[in-house]
*Asks:* 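Here it is: the structure, laid out below.
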Amino acid sequence: MTRAFIWDLDGTLLDSYDAILAGIEETYTHYGLDFDREGIHAYILRHSVQKLLETVAVEKGLNAEEMNRFRGQSLQEKNAQIKLMDGAKTILAWAQEAGIQQFVYTHKGENAYQVLADLDILDYFTEIVTTANGFARKPDPEGVDYLVEKYQLNKEMTYYIGDRMLDVDVAFNSGIQSINFCDYRPTINQKINQLVDIQKIIR
(Lines give C-alpha, C1' and ligand atoms only; values in the text may rest on other atoms or scores of the structure.)
Protein backbone atom coordinates (compact mmCIF):
# COMPACT_ATOMS: atom_id res chain seq x y z
CA MET A 1 0.00 0.00 0.00
CA THR A 2 1.03 3.58 -0.66
CA ARG A 3 2.62 5.74 2.01
CA ALA A 4 0.92 9.04 2.81
CA PHE A 5 2.02 12.31 4.36
CA ILE A 6 -0.52 14.60 6.03
CA TRP A 7 1.16 17.97 6.46
CA ASP A 8 0.64 20.73 8.97
CA LEU A 9 1.41 24.15 7.45
CA ASP A 10 2.49 26.89 9.87
CA GLY A 11 5.96 26.18 11.22
CA THR A 12 6.14 22.94 9.21
CA LEU A 13 5.97 23.74 5.48
CA LEU A 14 5.40 27.47 5.92
CA ASP A 15 7.77 29.89 7.62
CA SER A 16 4.82 31.95 8.75
CA TYR A 17 5.16 32.66 12.47
CA ASP A 18 6.42 36.23 11.87
CA ALA A 19 3.27 36.92 9.84
CA ILE A 20 1.07 35.19 12.43
CA LEU A 21 2.63 37.16 15.30
CA ALA A 22 2.26 40.40 13.32
CA GLY A 23 -1.45 39.60 12.88
CA ILE A 24 -1.85 38.89 16.59
CA GLU A 25 0.02 42.10 17.46
CA GLU A 26 -2.33 44.12 15.23
CA THR A 27 -5.31 42.44 16.89
CA TYR A 28 -3.97 43.15 20.38
CA THR A 29 -3.32 46.79 19.44
CA HIS A 30 -6.84 47.11 18.01
CA TYR A 31 -8.32 45.85 21.30
CA GLY A 32 -5.90 47.86 23.49
CA LEU A 33 -4.07 44.81 24.85
CA ASP A 34 -0.40 44.51 25.82
CA PHE A 35 1.56 42.36 23.37
CA ASP A 36 4.30 40.14 24.79
CA ARG A 37 5.84 38.68 21.62
CA GLU A 38 8.01 35.98 23.24
CA GLY A 39 5.34 34.86 25.68
CA ILE A 40 2.66 34.72 22.98
CA HIS A 41 4.94 32.86 20.56
CA ALA A 42 5.65 30.23 23.23
CA TYR A 43 1.92 29.95 24.06
CA ILE A 44 0.76 29.41 20.46
CA LEU A 45 3.47 26.79 19.91
CA ARG A 46 2.27 24.93 22.99
CA HIS A 47 -1.46 25.41 22.36
CA SER A 48 -2.91 27.38 19.41
CA VAL A 49 -3.83 30.90 18.32
CA GLN A 50 -7.50 29.99 18.82
CA LYS A 51 -6.86 28.97 22.43
CA LEU A 52 -4.90 32.17 23.00
CA LEU A 53 -7.73 34.38 21.77
CA GLU A 54 -10.36 32.42 23.70
CA THR A 55 -8.33 32.75 26.92
CA VAL A 56 -7.69 36.47 26.43
CA ALA A 57 -11.34 37.09 25.52
CA VAL A 58 -12.50 35.49 28.78
CA GLU A 59 -9.91 37.40 30.84
CA LYS A 60 -10.69 40.78 29.23
CA GLY A 61 -14.42 40.39 28.59
CA LEU A 62 -14.03 40.41 24.79
CA ASN A 63 -15.60 38.37 21.98
CA ALA A 64 -13.17 35.66 20.78
CA GLU A 65 -14.97 35.20 17.43
CA GLU A 66 -14.77 38.92 16.65
CA MET A 67 -11.10 38.96 17.62
CA ASN A 68 -10.41 35.96 15.39
CA ARG A 69 -12.23 37.57 12.44
CA PHE A 70 -10.15 40.73 12.84
CA ARG A 71 -6.96 38.65 13.07
CA GLY A 72 -7.93 36.60 9.99
CA GLN A 73 -8.37 39.74 7.89
CA SER A 74 -5.09 41.13 9.19
CA LEU A 75 -3.27 37.88 8.44
CA GLN A 76 -4.62 37.68 4.89
CA GLU A 77 -3.00 41.04 4.18
CA LYS A 78 0.32 39.54 5.32
CA ASN A 79 0.39 36.61 2.87
CA ALA A 80 3.40 38.13 1.10
CA GLN A 81 5.43 37.76 4.32
CA ILE A 82 4.97 33.97 4.35
CA LYS A 83 7.86 31.94 2.95
CA LEU A 84 8.59 28.25 2.57
CA MET A 85 10.53 26.48 5.30
CA ASP A 86 14.03 25.37 4.29
CA GLY A 87 13.82 22.19 2.24
CA ALA A 88 10.02 22.33 1.82
CA LYS A 89 9.98 22.13 -1.97
CA THR A 90 12.77 19.54 -1.98
CA ILE A 91 10.92 17.19 0.36
CA LEU A 92 7.54 17.67 -1.37
CA ALA A 93 9.10 16.89 -4.77
CA TRP A 94 10.99 13.90 -3.32
CA ALA A 95 7.79 12.51 -1.77
CA GLN A 96 5.89 12.99 -5.02
CA GLU A 97 8.61 11.15 -6.97
CA ALA A 98 8.57 8.35 -4.39
CA GLY A 99 4.82 7.92 -4.97
CA ILE A 100 3.87 9.16 -1.50
CA GLN A 101 0.35 10.63 -1.44
CA GLN A 102 0.31 14.09 0.19
CA PHE A 103 -2.42 15.98 2.03
CA VAL A 104 -2.72 19.06 4.24
CA TYR A 105 -4.63 19.28 7.50
CA THR A 106 -4.30 22.76 8.97
CA HIS A 107 -5.99 25.16 11.36
CA LYS A 108 -5.61 27.80 8.67
CA GLY A 109 -8.78 28.91 6.88
CA GLU A 110 -9.48 28.93 3.14
CA ASN A 111 -6.67 31.48 2.80
CA ALA A 112 -4.36 28.42 2.88
CA TYR A 113 -5.15 27.71 -0.78
CA GLN A 114 -3.99 31.16 -1.85
CA VAL A 115 -0.80 30.92 0.21
CA LEU A 116 0.08 27.51 -1.25
CA ALA A 117 -0.68 28.73 -4.77
CA ASP A 118 1.47 31.85 -4.27
CA LEU A 119 4.35 29.66 -3.09
CA ASP A 120 3.84 27.28 -6.04
CA ILE A 121 3.27 24.11 -3.99
CA LEU A 122 -0.53 23.73 -4.24
CA ASP A 123 -0.33 20.97 -6.86
CA TYR A 124 1.59 18.59 -4.59
CA PHE A 125 -1.52 17.87 -2.51
CA THR A 126 -4.40 15.49 -3.20
CA GLU A 127 -6.66 17.33 -0.74
CA ILE A 128 -6.34 20.24 1.67
CA VAL A 129 -8.40 20.25 4.86
CA THR A 130 -8.82 23.66 6.54
CA THR A 131 -11.04 25.08 9.28
CA ALA A 132 -13.62 25.69 6.52
CA ASN A 133 -14.26 21.92 6.50
CA GLY A 134 -15.74 22.31 9.98
CA PHE A 135 -13.95 19.45 11.72
CA ALA A 136 -13.13 19.59 15.44
CA ARG A 137 -9.77 21.23 16.03
CA LYS A 138 -6.56 19.30 16.65
CA PRO A 139 -5.74 17.23 18.65
CA ASP A 140 -9.23 15.84 17.96
CA PRO A 141 -8.66 13.22 15.22
CA GLU A 142 -11.77 14.04 13.18
CA GLY A 143 -9.95 15.79 10.29
CA VAL A 144 -7.27 13.11 10.00
CA ASP A 145 -9.86 10.33 10.30
CA TYR A 146 -11.76 11.91 7.39
CA LEU A 147 -8.68 11.69 5.13
CA VAL A 148 -7.78 8.17 6.28
CA GLU A 149 -11.30 6.90 5.57
CA LYS A 150 -11.87 8.79 2.31
CA TYR A 151 -8.59 7.68 0.74
CA GLN A 152 -8.35 4.30 2.49
CA LEU A 153 -4.92 5.17 3.92
CA ASN A 154 -2.87 2.55 5.74
CA LYS A 155 -2.39 3.95 9.25
CA GLU A 156 0.99 2.25 9.67
CA MET A 157 2.23 4.00 6.52
CA THR A 158 0.56 7.39 7.08
CA TYR A 159 2.46 10.18 8.84
CA TYR A 160 1.24 13.44 10.31
CA ILE A 161 4.10 15.92 9.98
CA GLY A 162 4.03 18.97 12.24
CA ASP A 163 5.91 21.22 14.64
CA ARG A 164 3.85 21.30 17.82
CA MET A 165 2.77 18.98 20.60
CA LEU A 166 -0.86 18.97 19.44
CA ASP A 167 0.38 17.65 16.06
CA VAL A 168 1.96 14.66 17.80
CA ASP A 169 -1.25 14.20 19.79
CA VAL A 170 -3.50 14.30 16.71
CA ALA A 171 -1.35 11.62 15.05
CA PHE A 172 -1.57 9.46 18.17
CA ASN A 173 -5.33 10.02 18.54
CA SER A 174 -5.81 8.99 14.89
CA GLY A 175 -3.63 5.89 15.19
CA ILE A 176 -1.20 7.10 12.51
CA GLN A 177 2.54 7.85 12.68
CA SER A 178 4.12 11.11 13.84
CA ILE A 179 7.08 13.10 12.49
CA ASN A 180 7.65 16.40 14.26
CA PHE A 181 10.12 19.19 14.94
CA CYS A 182 9.53 18.87 18.70
CA ASP A 183 10.79 16.00 20.84
CA TYR A 184 7.45 15.52 22.61
CA ARG A 185 6.41 11.90 23.27
CA PRO A 186 9.57 10.28 21.82
CA THR A 187 8.12 6.78 22.14
CA ILE A 188 5.54 7.59 19.43
CA ASN A 189 7.11 10.54 17.60
CA GLN A 190 10.15 10.72 15.33
CA LYS A 191 11.90 14.07 15.74
CA ILE A 192 13.38 16.00 12.84
CA ASN A 193 15.58 19.10 12.88
CA GLN A 194 14.98 19.97 9.23
CA LEU A 195 12.50 18.78 6.63
CA VAL A 196 15.03 16.84 4.57
CA ASP A 197 15.60 14.59 7.64
CA ILE A 198 12.33 12.92 6.61
CA GLN A 199 14.23 11.13 3.85
CA LYS A 200 16.28 9.30 6.49
CA ILE A 201 13.12 8.16 8.30
CA ILE A 202 11.26 6.99 5.19
CA ARG A 203 13.45 4.46 3.42
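Nothing fancy with the numbering, it's 1 onward along the sequence.
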*Asks:* Please determine if D8 and R164 form a salt bridge, counting it only when a charged side-chain N lies under 4.0 Å from a carboxylate O.
*Replies:* no

*Asks:* Flag the pair S178 / I188 as yes when at least one side-chain heavy-atom distance between them is below 4.5 Å, and no otherwise.
*Replies:* no

*Asks:* When rounded to the nearest 0.5 angstrom, what is the spacing between CD1 in I91 and CG in L84?
*Replies:* 13.0 Å

*Asks:* How long is the straight-line distance from CG of L153 back to CZ of F103, given to the nearest 0.5 Å?
*Replies:* 5.0 Å

*Asks:* Starting at CG of L116, measure out to OG1 of T106 and round the result to the nearest 0.5 Å.
*Replies:* 8.5 Å

*Asks:* Rounded to the nearest 0.5 Å, what separates atom CG in L166 from atom CZ in R46?
*Replies:* 11.5 Å

*Asks:* Could you state the interatomic distance from CG (D183) to CG (N193), rounded to the nearest 0.5 Å?
*Replies:* 9.5 Å

*Asks:* Quick one: do K89 and D120 make a salt bridge, cutoff under 4.0 Å?
*Replies:* yes

*Asks:* Just checking, is any N or O donor in the side chain of Q190 or Y159 under 3.5 Å from an acceptor N or O on the other one?
*Replies:* no

*Asks:* Whether the N189 and K191 side chains hold a donor-acceptor pair (N or O, under 3.5 Å, no angle test) is what I'd like checked.
*Replies:* no

*Asks:* We want to know whether T2 and Q101 form a side-chain donor-acceptor pair, criterion being a heavy-atom distance below 3.5 angstrom.
*Replies:* no

*Asks:* Measure the acute angle between the ring planes of H107 and Y105, then classify it against the limits of 30° and 60° as parallel, tilted or perpendicular.
*Replies:* perpendicular

*Asks:* Report the distance from atom CG of D169 to atom OG of S174, rounding to the nearest 0.5 Å.
*Replies:* 10.5 Å

*Asks:* Evaluate Y28 against I24 for side chain to side chain contact (heavy atoms under 4.5 Å, CB included), listing each step before the verdict.
*Replies:* CA-CA 6 Å; Y28 269 51; I24 296 170; 3.6 Å; yes

*Asks:* Parallel, tilted or perpendicular: which one describes the rings of Y31 and F70, with boundaries at 30° and 60°?
*Replies:* perpendicular

*Asks:* Please test N68 against Q50 for side chain to side chain contact (heavy atoms under 4.5 Å, CB included), starting from the C-alpha separation and ending with a verdict.
*Replies:* CA-CA 7 Å; N68 209 22; Q50 179 81 13; 3.0 Å; yes

*Asks:* Would you mind reporting whether F135 and D140 have side-chain heavy atoms less than 4.5 Å apart?
*Replies:* no

